[in-house]
S.K.: 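The following block contains the structure, expressed as structure tokens.
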Number of protein chains: 2
Amino acid sequence: MLTMSTLFRYKSDMSDHTTIPDNPGKIAFHHGDLRRSLLDATLSLIAVNGVQGFTLREAARAAGVSHNAPYRHFPSRTHLLVELAIEGQGLLLDALKNSGKRIVDPRERIVRVGMAYMDFAVKHTALFRVMFSSDVARNRTSELKAAQDATFLHFESELRANEQAGVIREGAIQEHALVGWSALHGAAMLILDGVLDNTEVAAHRKPREIARLVLESLLNGIQQPAQPEKRRSSK
Amino acid sequence: MLTMSTLFRYKSDMSDHTTIPDNPGKIAFHHGDLRRSLLDATLSLIAVNGVQGFTLREAARAAGVSHNAPYRHFPSRTHLLVELAIEGQGLLLDALKNSGKRIVDPRERIVRVGMAYMDFAVKHTALFRVMFSSDVARNRTSELKAAQDATFLHFESELRANEQAGVIREGAIQEHALVGWSALHGAAMLILDGVLDNTEVAAHRKPREIARLVLESLLNGIQQPAQPEKRRSSK
DNA sequence: AAACAATGTTGACATCGTCAACATGCAGTG
DNA sequence: CACTGCATGTTGACGATGTCAACATTGTTT
């Protein structure tokens, strides 16, 4: 049912009028790549003013076009945010995939994936907030849904590796993925919102340490029960 | 524009014009209790239009007052939302406290608290969204912070009971509270945003069952090691 | 009764999202 | 090359919004 959909993303370097790298057919014209510029400007503005404080007209101004130019690329303010969210999900998935590289130990891989999720939330806070803003949530397109599904599938596949390595109990992979994502996501949200600022446990830790804490706790909960000896032949 | 210049609109049930139940000194006057009416109207409107779609003037209209009357009770649109969030935190804490009543088994109590959190998010979605909207998060008052701290403290105290009952390992109560809240909060958020709609594991379960799933997984991770007793089966 | 503070109203302003109409430049067709 | 069509960008307008300032009303206090 879920298709590992194709997530395109264009790197956000200042492209110029004349040469647009590889453009699927229709962008770039008078301006250069207005669509790209608007998305970039939107992200910058949101980093300063928040999602609610973002205005289409200000993005247009930042891109140096008239206040109605954005409507040639996005049907509405909300849809601009949705497209940004789609791009964000793609970047997040990349980050998750890259985080596990070079790590052979399956259990540690899981932890690293979790830390990557948290790192993304902290480093790309504005983007992360857009991706999970309730405004965007109310207007999800099928493309955004597919991108979110891909994230879940990645958690699943990462856990399946752990299952096969005998690190966690067999079965219930989906359940574990659900719990894992939830814990990571909740921790990231609470941290970004500052809800935990007054708690000793969170105030004195870096976010990625909290991610590790969360993941380790979970793994303790779903790991192979009470193998009295860990003869499990260290690979 | 409808000529509402003759807009001496006496609210129908204004008999309590003179007698306001227990009013700390200053509210209630011309209108009755405009502050309360505005908060209620705001909540209703957000349930329909979302947080971003909420507008001060519409709330004023719903309360039957002029578009500037709200400024006598709230300094700005955002502060209205913050006050709503504070009230929401209070209600949430009440729900959490009530959920554990009559349940003696400490482990089951924890699970019930988690389900209550999820129930609250699902039942009072609009309020929950306000409480954790990024707009509110950027403008937290000390009062809101205190209300959020109280929630954390409640999770802590609930866990401490489990510790004393020998259900979970000793120490690290704060860490466990952090992980628990994170997992609950993340699950609630992902569910409300519909992010998990395409996953079998979440689509076929009621939110409160997911809350139970999350909590049971966590408890397995922090419970006393190797009680050679039967382990409970999660259905 | 008079002064005062609390509460509510009216009017104004800049700004916003969006629509409609118009302008401009590229790409193809003859 | 002229012509045509489409993609892109601009100008102008409209209603709505958040907020400020000035004014009006009402209950309370002196």
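Within every chain, numbering begins at 1; the chains are lettered A, B, ... in the order of the sequence lines, protein sequences first and strands thereafter.
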S.K.: Look at the side chain of B:A69 and decide which nucleotide, out of C:dT9, C:dT18, D:dT19, has an atom nearest to it.
M.R.: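 Shortest atom-to-atom distance from the side chain points to C:dT9.
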S.K.: What integer distance in Å separates A:Y71:OH from C:dC22:C1'?
M.R.: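 Computing the A:Y71:OH to C:dC22:C1' distance gives 18 Å.
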S.K.: Given D:dT8, D:dA13, D:dT17, identify the nucleotide with an atom nearest to the side chain of A:R57.
M.R.: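 Out of D:dT8, D:dA13, D:dT17, the nucleotide with an atom closest to A:R57's side chain is D:dA13.
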S.K.: Checking contacts here: which listed nucleotide (C:dG8, D:dT10, C:dT18) is nearest the side-chain heavy atoms of B:R72?
M.R.: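 Of C:dG8, D:dT10, C:dT18, C:dG8 is nearest to the side chain of B:R72.
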S.K.: Can you check the B:R35 CZ to C:dA6 P distance for me, whole Å?
M.R.: 15 Å
S.K.: When you measure from the side-chain N and O atoms of A:H67 to the phosphate of C:dT15, is any distance below 4.0 Å, counting only OP1 and OP2?
M.R.: no
S.K.: What nucleotide among D:dT19, C:dT18, D:dT10 has an atom nearest to a side-chain atom of B:R77?
M.R.: D:dT19
S.K.: Name the closest nucleotide to the B:R61 side chain, picking from D:dG18, D:dT17, D:dG9.
M.R.: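 Nucleotide nearest to B:R61's side chain: D:dT17.
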S.K.: Mind telling me whether A:H185 and A:Y117 have parallel, tilted or perpendicular rings, with 30° and 60° as the class edges?
M.R.: perpendicular
S.K.: Suppose we screen for side chain to side chain contact (heavy atoms under 4.5 Å, CB included). Which residues come up paired with B:R138, at least two apart in sequence or across chains?
M.R.: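 For B:R138 there are no side chain to side chain contact (heavy atoms under 4.5 Å, CB included) partners, ignoring immediate neighbours.
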S.K.: Specify the separation, in whole Å, of atom CG of B:D33 and atom C1' of C:dA6.
M.R.: 14 Å
S.K.: Would A:T151 and A:Q89 count as having a side-chain donor-acceptor pair, cut-off 3.5 Å?
M.R.: yes
S.K.: Report yes if at least one side-chain N or O of A:H73 is closer than 4.0 Å to OP1 or OP2 of D:dA7; otherwise report no.
M.R.: no
S.K.: Does A:T55 have a side-chain nitrogen or oxygen under 4.0 Å from the phosphate oxygens OP1 or OP2 of C:dT15?
M.R.: no
S.K.: Where the side chain of A:V65 is concerned, which of D:dT10, C:dT18, C:dG8 is the nearest nucleotide?
M.R.: D:dT10
S.K.: Ring centroids only, cut at 6.0 angstrom: are A:H124 and A:F120 within range, meaning strictly under it?
M.R.: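 Ring centres of A:F120 and A:H124 closer than 6.0 Å.
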S.K.: Side-chain atoms of residues 44-59 of chain B: list all donor-acceptor pairs with protein atoms under 3.5 Å, sequence neighbours left out, distances to 0.1 Å.
M.R.:
from	atom 1	to	atom 2	distance (Å)
B:S44	OG	B:D40	O	3.2

S.K.: Look at B:S66 and C:dG8 and indicate whether a side-chain polar atom (N or O) is within less than 4.0 Å of OP1 or OP2.
M.R.: no
S.K.: Nearest-Å distance, CG (A:L38) to P (D:dT8)?
M.R.: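 Those two atoms, CG and P, are 13 Å apart.
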